[in-house]
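The structure under discussion appears below in the form of structure tokens.
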Amino acid sequence: MNILRSFLIACSFLTILPVPAMEWTEDNMRPFCLAFPLVGIPIGALWGLLAFALSGWSASPTLRGVVMALCALALTGGIHMDGLMDTCDALFSRRDREARLKILSDPHAGAFAVMGCAAALLLQSAIFAELLSAPPSAAFLLLLGTIPLWSRLGMGLLLNATPFAREDGLARTLGALRTRRHTPCLVAGAALLAAWNFWTAGAPALCLPLTECAVFLLWRRSCLTAFGGVAGDLLGALNLLSETAMLLVLREML
């Protein structure tokens, strides 16, 4: 099936998971936007397993939180963090749109990139430390595992329903065969995932999809305003921002 091959391509590109290599053909890339949230399934499962394993470690909550944050970063090979760093350099340069787009494609890391990376890692480490300070319940682990699904579902929607910021680049490559028909599919997937959250932990769990929706809408508006559309780095930045926001909300739910 094309969606399975697209999923394997997405896994090989967005994670360090060992998966069979697939060719980037038109048929395999056509459902790529739909494959984004599917990548969150193995990542979410590994998040839950890692959180469960770390909860039995006698180390301090601070150390457990740092290890959890670093493992979450390692699972993606740092690709989303790279996007966040480039976005920070571009967004906070306070330059015009064309200059921002040039900065996005610049392989060098500036001061804002370093500050953005440090801020994201520190905040996620602190949140994970609090989340893992007590033995996790099954409901908590299930909710934690859905966060990577939500963040990547947002990435799929952003890529599928936002104009491209430029004529070339990663977003154009990944979304070259996107179609409007995929947007309602992603929305339906969001509804099913929200129902799963509700079934898992009741009405409070709906705070996760509401948070993802808020971050998605704000970020999409920022992409259109500051860059004129979506770019590959902006997809990665959305992933980090939405995951961090949902982790913070999950912490408040405990």
Side-chain angles (χ1 to χ4, degrees), residues 13-14 32-33 36 66 69-70 72-74 76-128 147-148 150-176 178 183 186 208-249 251-252:
F13 181 67
L14 299 173
F32 194 82
C33 291
F36 268 108
V66 170
L70 292 178
L73 177 66
T76 65
I79 188 170
H80 303 312
M81 183 63 77
D82 176 74
L84 178 67
M85 293 172 69
D86 288 340
T87 301
C88 286
D89 270 342
L91 199 58
F92 295 115
S93 68
R94 301 182 182 180
R95 307 281 294 278
D96 58 67
R97 181 178 296 177
E98 291 302 318
R100 292 192 193 108
L101 289 173
K102 288 182 180 179
I103 293 172
L104 275 184
S105 59
D106 190 339
H108 301 93
F112 292 117
V114 175
M115 287 187 283
C117 177
L121 284 176
L122 285 171
L123 185 55
Q124 285 199 356
S125 296
I127 299 171
F128 276 128
I147 288 179
W150 279 118
S151 62
R152 284 154 184 82
L153 197 151
M155 291 173 68
L157 275 172
L158 186 66
L159 179 61
N160 198 65
T162 310
F164 295 119
R166 51 193 175 203
E167 293 302 317
D168 56 0
L170 180 59
R172 171 73 66 171
T173 300
L174 298 179
R178 64 186 186 176
T183 297
L186 290 167
L208 293 183
L210 290 175
T211 301
E212 171 64 26
C213 183
V215 174
F216 169 80
L217 292 174
L218 289 171
W219 189 242
R220 184 177 186 274
R221 180 179 177 85
S222 297
C223 291
L224 292 171
T225 302
F227 300 97
V230 64
D233 287 321
L234 303 178
L235 292 172
L238 172 64
N239 183 84
L240 261 295
L241 293 172
S242 58
E243 282 185 351
T244 304
M246 284 185 284
L247 285 171
L248 188 57
V249 168
R251 183 257 174 232
E252 294 300 319

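Counting from 1, the numbers follow the sequence of the chain as shown. Atoms considered below: every heavy atom in the structure, side chains included; atoms not considered: hydrogens, waters and symmetry mates. Everything quoted here is computed from the prediction, not taken from an experiment.
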(message) Salt bridge check, Arg166 against Glu98: does any charged N sit closer than 4.0 Å to a carboxylate O?
(response) no
(message) Would the distance check show the side chain of Ser125 and the main-chain N or O of Leu122 forming a donor-acceptor pair, the cut-off being under 3.5 Å?
(response) no
Less than 4.5 Å apart, side chain to side chain, heavy atoms only: is that true for [X] and [Y]?
X      : Y      : result
Asp86  : Ile103 : no
Leu159 : Leu235 : yes
Leu224 : Thr162 : yes

(message) I'd like to check the side chain to side chain donor-acceptor pair (under 3.5 Å) partners of Asn160; sequence neighbours left out, ordered by chain and number.
(response) Thr183
(message) How long is the straight-line distance from CE of Met246 back to CD1 of Ile127, given to the nearest 0.5 Å?
(response) 11.5 Å
(request) Sequence neighbours left out, what pairs pass ring pair (Phe, Tyr, Trp, His ring centres under 6.0 Å) with at least one residue falling in residues 79-104? (result) Phe92-Phe112
(message) Minimum heavy-atom separation for Glu212 and Gly154, please, with both atom names.
(response) OE2-CA, 3.3 Å
(request) State whether a side-chain donor-acceptor pair under 3.5 Å links Thr87 with Asp233. (result) no
(message) Given the ring of Phe216, does Arg221 sit roughly above its face, with NZ or CZ under 6.0 Å from the centre of the six-membered ring and within 45° of the axis?
(response) no
(message) Going by salt bridge (Lys or Arg N to Asp or Glu O under 4.0 Å), name the residues that satisfy it together with Arg97, two or more places apart in sequence or in a different chain.
(response) none
